[in-house]
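Structure first, then comments.
Not measured: the values here are computed from a predicted model. We're numbering straight along the sequence, starting at 1.
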Amino acid sequence: QVQLVESGGGLAQAGGSLALSCLASGRTFTGGLMGWFRQAPGKEREFVAAINWSTGGTLYGVSAKGRFTISRDNAKNTMYLQMSSLKPEDTAVYYCAAGARLLQGVNGVGYWGKGTLVTVSS
């Protein structure tokens with residue numbers, strides 16, 4: 001089984017930046033999709049960004065486009081989310097995810113991390 005562990009969450013000021021990491025272990029990815037979702041209190045889990053592990057192609061949700069950048073380091077089996085121009089509305093638990101059907105939404109995710117909390121203060 002694939003294990004996903006997020007790190008890098010914490011407190012940031014509005015307008016600031018924060019970078020998240022997701023380490024994948026248990027097996028080496030040779031392809032497929034990975035991405036980030038987030039869930040704020042009282043809200044549904046929301047798609048943030050995805051990356052094709054083999055090609056590096058990316059896709060962003062509306063809330064992330066223009067502010068967040070997803071990337072991966074194949075050698076380290078690590079995925080990153082660089083967040084900038086943070087807003088209080090970005091406050092949420094951010095989850096690392098993997099799965100071939102990930103672009104179909106939360107039901108298409110095969111593996112989840114336990115999440116890391118990002119808090120953006122005004």
Query raised in the report: With sequence neighbours left out, what residues match Arg101 under salt bridge (charged side-chain N to carboxylate O under 4.0 Å, His left out)?
Result: none

Query raised in the report: Ser63: what forms a side chain to side chain donor-acceptor pair (under 3.5 Å) with it, not counting sequence neighbours?
Result: Arg38, Glu46

**Report entry** Student check: side-chain heavy atoms of Thr69 and Leu81 closer than 4.5 Å
**Finding:** no

Query raised in the report: When rounded to the nearest 0.5 angstrom, what is the spacing between OG in Ser54 and CG in Leu33?
Result: 9.0 Å

**Report entry** All pairs passing disulfide (SG to SG under 2.5 Å) where residues 80-122 contributes a residue, at least two apart
**Finding:** Cys22-Cys96

Query raised in the report: What residues form a ring pair (Phe, Tyr, Trp, His ring centres under 6.0 Å) with Tyr80, not counting sequence neighbours?
Result: none

Report summary line: The complete set of disulfide (SG to SG under 2.5 Å) pairs with one or both residues in residues 51-87, sequence neighbours excluded, reads none

Query - Nearest heavy atoms of Ala50 and Leu103, plus distance in Å - result: CB-CD2, 3.8 Å

Query raised in the report: Of all residues at least two apart in sequence or in a different chain, which pass the side-chain contact (heavy atoms from CB on, under 4.5 Å) check with Val106?
Result: Phe37, Arg45, Trp112

Query raised in the report: With sequence neighbours left out, which residue pairs that include part of residues 60-85 fulfil the salt bridge (charged side-chain N to carboxylate O under 4.0 Å, His left out) condition?
Result: Arg67-Asp90

Query raised in the report: How many angstroms lie between atom CE of Met34 and atom CG of Asn77, to the nearest 0.5 angstrom?
Result: 8.5 Å

Query raised in the report: With sequence neighbours excluded, what pairs up with Tyr95 under the ring pair (Phe, Tyr, Trp, His ring centres under 6.0 Å) test?
Result: none

Report task. Write out all pairs satisfying disulfide (SG to SG under 2.5 Å) with one or both partners inside residues 41-82, taking only residues at least two apart or from two chains. Result -> none

Report task. Enumerate the residue pairs fulfilling salt bridge (charged side-chain N to carboxylate O under 4.0 Å, His left out) with a member in residues 104-122, sequence neighbours excluded, ordered by first and then second residue. Result -> none

Query raised in the report: What distance do Asn52 atom CG and Thr58 atom OG1 have between them, rounded to the nearest 0.5 Å?
Result: 10.0 Å

**Report entry** Common cluster, Tyr111/Trp36, ILVMFWY with side-chain heavy-atom separation under 4.5 Å
**Finding:** yes

**Report entry** Heavy-atom side-chain proximity of Leu23 to Leu4 below 4.5 angstrom
**Finding:** no

**Report entry** Heavy-atom side-chain contact between Leu20 and Thr116 under 4.5 Å
**Finding:** yes

**Report entry** Considering all heavy atoms, the nearest Phe68-Val48 contact
**Finding:** CD1-CG1, 3.8 Å

**Report entry** Non-neighbouring partners of Gln82 that pass side chain to side chain donor-acceptor pair (under 3.5 Å), sequence neighbours left out
**Finding:** none

Query raised in the report: Does the side chain of Val109 reach to within under 4.5 Å of the side chain of Phe47, using non-hydrogen atoms?
Result: no

Query raised in the report: Could you go step by step and tell me if Ile70 and Met79 meet the side-chain contact (heavy atoms from CB on, under 4.5 Å) rule?
Result: CA-CA 7 Å; Ile70 188 170; Met79 179 178 65; 3.8 Å; yes

Pairs under 3.5 angstrom only: tabulate donor-acceptor contacts from the side chains of residues 7-17 to other protein residues two or more places apart or in another chain.
from  : atom 1 : to     : atom 2 : distance (Å)
Gln13 : OE1    : Ser121 : OG     : 2.7

